[in-house]
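Structure first, commentary second.
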Amino acid sequence: MQLWLAFTSPFARKVRVAAHELGLASEIELVETDPWTDPRLRAVNPLAKVPTLILEDGEILYESSAICDYLDERAGGGRLLPRAGRERRRVLRVQGLTDGAATAAGRLFAAERRAATQPDPMTPRFEQAIAASLDALETEPLSTEAFSMAEVGAACLLGYLDFRWPERDWHAGRPVLSDWWAAVENRPSIAQTAHHLSTTAPRP
Ligand SMILES: N[C@@H](CCC(=O)N[C@@H](CS)C(=O)NCC(=O)O)C(=O)O
């Protein structure tokens, strides 16, 4: 499999963490791309977004949740995403929450970068979405042992916040989430997928 990614993308990291957790990381070739400038990406994904996964037979998957669902199925099924019932709905809800917060964080980062020349009136809304999502995660029963897509999503959100804003303290007032992150941040799937700026493309 080929995973087209940017090493700054929390959604691409989700796929990498999921692959590690499922024991599939060695089957994935990483192809670094810049979604903003690489015309090859739109040829395989009309949205020109990362992550995009190309399977051995040429089938193409995009949307991190759909890709992770496929990886889970490929690893036997029901491991990161429960097959049915209330727990499946909970995991999907938390994955949706963390995806939404990561989207807000990405838009906030871009808005702040432009702010000197072009203030963005949406900035407070992005900040509120991130803060309220972290508050919601504070009361979620996240496991430090068995990972589901809820833990994968939460880890990728927190990792992205620390990567983009190392000076901003999301821990304050969130002791449960903070302890959870301390317990999992050195887990191999997290440690081996850390964000970094592009080695080739100029855009972060
Ligand atoms: N909902 C998508 C979000 C993917 C996404 O927004 N990726 C960003 C990088 S973090 C991207 O490719 N942006 C390029 C663009 O929006 O055109 C997913 O879960 O995969």
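Ligands are counted one by one from 1 in listed order, and the atoms in each one are counted from 1 as well.
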Please confirm whether Pro51 comes under 4.0 Å of ligand 1, counting heavy atoms of the residue only.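 For ligand 1, residue contact (heavy atoms, under 4.0 Å) with Pro51 is present.
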
Is the side chain of [X] donor-acceptor paired with the backbone N or O of [Y] at a distance under 3.5 Å, no angle test?
X: Glu151; Y: Ser143; result: yes
X: Ser9; Y: Ala6; result: no
X: Thr52; Y: Lys49; result: yes
X: Arg13; Y: His195; result: no

Those atoms of ligand 1 less than 4.0 Å from some heavy atom in Glu63: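 Those qualifying, in numeric order: 1 (N), 2 (C), 18 (C), 19 (O), 20 (O).
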
Nearest neighbour in protein (non-hydrogen) for [atom]:
atom: atom 18 (C) of ligand 1; value: Ser64 N, 3.4 Å
atom: atom 13 (N) of ligand 1; value: Trp36 CZ2, 4.0 Å
atom: atom 10 (S) of ligand 1; value: Ser9 OG, 3.2 Å
atom: atom 16 (O) of ligand 1; value: Lys49 CE, 3.4 Å
atom: atom 8 (C) of ligand 1; value: Val50 O, 3.8 Å

Classify the contact between Pro35 and ligand 1 as side chain, backbone, both or neither, using a heavy-atom distance cut-off of under 4.0 Å.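 It is the side chain that touches ligand 1; the backbone stays farther off.
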
Could you tell me which non-hydrogen atom of Val184 sits nearest to which non-hydrogen atom of Ile190, and how far apart they are?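 So the minimum-distance heavy-atom pair works out to O-CG1, 3.6 Å.
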
Electrostatic pair Arg107:Asp120 at N-O distance under 4.0 angstrom: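 Asp120 and Arg107: not salt-bridged.
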
